[in-house]
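Since the model is a prediction, treat every value here as computed from it, not as a measurement.
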Amino acid sequence: MVSKLMENLKMKGGNVDPNLEQQPSVSEGPLQPVDVTAQSHIPQPTITGSQSSTPTTVIELSSKSEVAANIESLHSCFASLDSDIRDEFEELVEKGKVNLKAVARSAAAYLSIKVSSLKYGDVDELFDSLQPHYDFFSCGGVLKHLANKYLSNVQTELTQYIDSVDKFSESSQLKHVRLAIKEKLSSLPAAASPTTSNQTKPFIIKLNGRWEIMTLKNFKRVLQYYFGQEIADTCTIRDIGIGSVVATLFIRTSLSQSLIDAINNKTNSMSRLGILEVAVDNKVIPIRREDNNNFDISLQQSVKAGYSFEVSMLLQLGADPNSKDERGKSAVEIANEGGHTQIKEILLTAGGEETGEVEWISGSVSLTKPSAGQCQEVISQLTDNHQEINLHHSSPDIVYLLMSLALDIRTIKRISIHNTKIKKDVILLLSHKITNNTSLEELWISDNSINDDGVIALTQSLINNKTIITLYLCNNPDITSTSAQSLAELLLYNRTMSVLYLNGTNIDTDGVLVLMESLRTNDTLRRLVLEDNKHKQTCYSLPYYKTIENRIAFV
């Protein structure tokens, strides 16, 4: 049955649906102790949907109806799994291979409880007394411990089931889990409601309402981050309330004090993640004073402190990676200041923009590693006195953004791009603007910025351009003789260009000869700059060299 569940598990690749349901308003007032004795055991889901054939790390969120179906299916599978585990233990006990008291002792030692708190007259009695410590959501603790130690037949089934719960947790938002749980509880008879015992205590967490969009997996990660793997593995979820997310769990009585200590030691961190209050055994500990959906300040604080886990959670809670602190510094800049490389990568992946340098000089502006926002700001601040734009160490996307804007400004006479890869696709997208521009006179693309494909696309755009006089393509080792024919055609048809720099490329002898031939028919190019040690002798040997020598320079 678990195998079938795994086959149908919903883990679809794709983007998270941005049209999430509007979150309910956050309820005001302190957290009210929940009457845990009236809570019934939370329902279990079936896991529906298909697995994407495309490898991806992005999990598509399940819909409300899918979560409900998945819970029902998990509940059914767990009931079968629990029965199989008990059956195998009964068989081992009957054959004298396992002593039930030893099993109870092992379980008690794992749970840090007294053996006398468990009943072990028979297998059912033992597992019934252990039920406060496991359920269909949380069976990776004592149940897994006992199965690994004593059982063989059901280990694979249990492992598959735990995997299915993990995948369900990754794709299920708390708001949908809450609704499914409520519907399941309302259908259960009163006798099915669990009761507290001296083995467990209620543990209630009140979170900001924004947590409704977070997945069950993220909630468990937070439990593990603050309270350790033991709590995350052994606590059982009993309810998820409405308004602010109020999660009611059961923990082992022996863990109560360590839980309180962890809360007191990590109050500031928990506050940043939108944890409002925590109650252990109905003792409320206030955490966060203000309850709002603005996590930007929290993000900046977490980045500064170097807490990558907090940063990841806050970004998923809606914190803006480009928000600025009181100094005007973005989260990426704060990460740079602190040397937090991993956090910087997390921010950039989430849409954060790396702020570069902008230098204004009389008549020109230079941008180094600029963000999209900086490019747009620079363009908006250009005046008629600014005729030159220089871009250094950037990306193809920024090249497209900057040039698409700059080519529309009639006062710009020169654009220089250095140490920035310009892809063929970018040039093709800009082709129309390059061809029809009526003001640009110099285009510099140098220092490992363009290859043959880019040059071929660029020459096609420049053939009918009427204003560019200088094309500077030096120090691009990826330019080879493959693009020589296209450059020769440019010289054949373009009657405006007068200077072409090709030094520092890998155009070989055959490519140079093609260019030399084009100069015999081109009478407008005044200077062709080539590599001295590569091309000089080749050119000198040409029978018509004297007719073009004053138009060639070797450097």
Side-chain angles (χ1 to χ4, degrees), residues 2 36-37 39-44 74-94 97-162 164-166 188 191-203 220 223 227-239 248-256 258-259 281:
V2 174
V36 293
T37 61
Q39 308 283 335
S40 45
H41 190 56
I42 49 181
Q44 341 293 329
L74 280 179
H75 191 273
S76 176
C77 284
F78 180 75
S80 175
L81 174 64
D82 184 59
S83 178
D84 291 344
I85 290 173
R86 295 183 187 214
D87 286 345
E88 187 169 349
F89 264 111
E90 285 181 343
E91 182 179 349
L92 292 172
V93 170
E94 289 174 1
K97 294 182 178 180
V98 168
N99 181 281
L100 206 53
K101 187 173 183 178
V103 177
R105 285 173 176 167
S106 180
Y110 179 84
L111 295 170
S112 300
I113 60 176
K114 293 181 179 180
V115 179
S116 58
S117 66
L118 298 175
K119 298 178 180 180
Y120 46 89
D122 57 36
V123 171
D124 284 335
E125 189 175 53
L126 174 60
F127 278 87
D128 287 347
S129 65
L130 284 173
Q131 277 194 333
H133 303 287
Y134 73 89
D135 61 19
F136 79 105
F137 268 157
S138 306
C139 55
V142 66
L143 206 60
K144 184 178 180 181
H145 165 73
L146 294 177
N148 288 343
K149 185 170 183 178
Y150 295 103
L151 307 181
S152 57
N153 296 339
V154 299
Q155 279 199 16
T156 300
E157 184 180 359
L158 177 60
T159 299
Q160 289 179 340
Y161 180 82
I162 292 173
S164 70
V165 172
D166 190 54
L188 291 176
S193 299
T195 59
T196 56
S197 70
N198 58 3
Q199 299 177 21
T200 59
K201 295 294 182 184
F203 172 36
K220 289 185 175 182
L223 291 179
F227 310 118
Q229 187 66 52
E230 186 177 19
I231 291 288
D233 282 345
T234 61
C235 71
T236 57
I237 300 173
R238 293 305 192 215
D239 185 30
T248 303
L249 311 93
F250 279 150
I251 59 166
R252 298 205 309 269
T253 302
S254 59
L255 297 175
S256 296
S258 63
L259 207 61
D281 195 16

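Checked against side-chain hydrogen bond (donor to acceptor under 3.5 Å, both in side chains), E91 has the following partners two or more places apart in sequence or in another chain: K95. Shown here are the salt bridge (Lys or Arg N to Asp or Glu O under 4.0 Å) partners of E125, two or more places apart in sequence or in another chain: there are none. In this structure, the side-chain hydrogen bond (donor to acceptor under 3.5 Å, both in side chains) partners of D166, at least two apart in sequence or on a different chain, are K217. Every residue meeting the salt bridge (Lys or Arg N to Asp or Glu O under 4.0 Å) condition with D128, not counting sequence neighbours, appears here in chain and number order: R86. The ring-ring contact (aromatic ring centres under 6.0 Å, His included) test applied to F227 returns F203, not counting sequence neighbours.
P132 approaches S129 most closely through the heavy-atom pair CD-O, 3.4 Å. Across H133 and I113, no two heavy atoms sit closer than the pair NE2-CD1, 4.0 Å. A pairwise comparison of heavy atoms in Y110 and G141 identifies OH-CA, 3.4 Å as the closest pair. In plain terms, the two heavy atoms of V115 and A104 that are nearest each other are CG1-CB, 4.5 Å. Minimum interatomic distance between A107 and V142 (heavy atoms only, all atoms of both residues): CB-CG2, 4.0 Å. Counting all heavy atoms, side chain and backbone alike, L100 lies closest to D122 at CD2-C, 3.3 Å.
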For a side-chain contact (heavy atoms from CB on, under 4.5 Å) check, start with the C-alpha distance between D84 and L158, then their side-chain angles and the critical distance, and finish with the verdict.
CA-CA 10 Å; D84 291 344; L158 177 60; over 6 Å; no

Run T156 and Q160 through side-chain contact (heavy atoms from CB on, under 4.5 Å) and show every step you take.
CA-CA 6 Å; T156 300; Q160 289 179 340; 4.0 Å; yes

side-chain contact (heavy atoms from CB on, under 4.5 Å) for V123 and V103? Distances and angles first, verdict last.
CA-CA 10 Å; V123 171; V103 177; over 6 Å; no

Please set out all donor-acceptor pairs under 3.5 angstrom arising from side-chain atoms of residues 143-150, sequence neighbours excluded.
{"from": "H145", "atom 1": "NE2", "to": "S106", "atom 2": "OG", "distance (Å)": "2.8"}
{"from": "N148", "atom 1": "ND2", "to": "K144", "atom 2": "O", "distance (Å)": "3.3"}
{"from": "K149", "atom 1": "NZ", "to": "S106", "atom 2": "OG", "distance (Å)": "3.4"}
{"from": "Y150", "atom 1": "OH", "to": "A102", "atom 2": "O", "distance (Å)": "3.4"}

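Between the CD1 atom of I85 and the SG atom of C139 there is a distance of 7.5 Å, given to the nearest 0.5 Å. With rounding to the nearest 0.5 Å, the separation of CG in N153 from CG in D87 is 10.5 Å.
Using bins of under 30°, 30° to 60° and over 60° for the plane-to-plane angle, the ring pair F127/Y134 lands in the perpendicular bin.
The backbone N or O of Q155 lies less than 3.5 Å from a partner atom in the side chain of T159, making a donor-acceptor pair.
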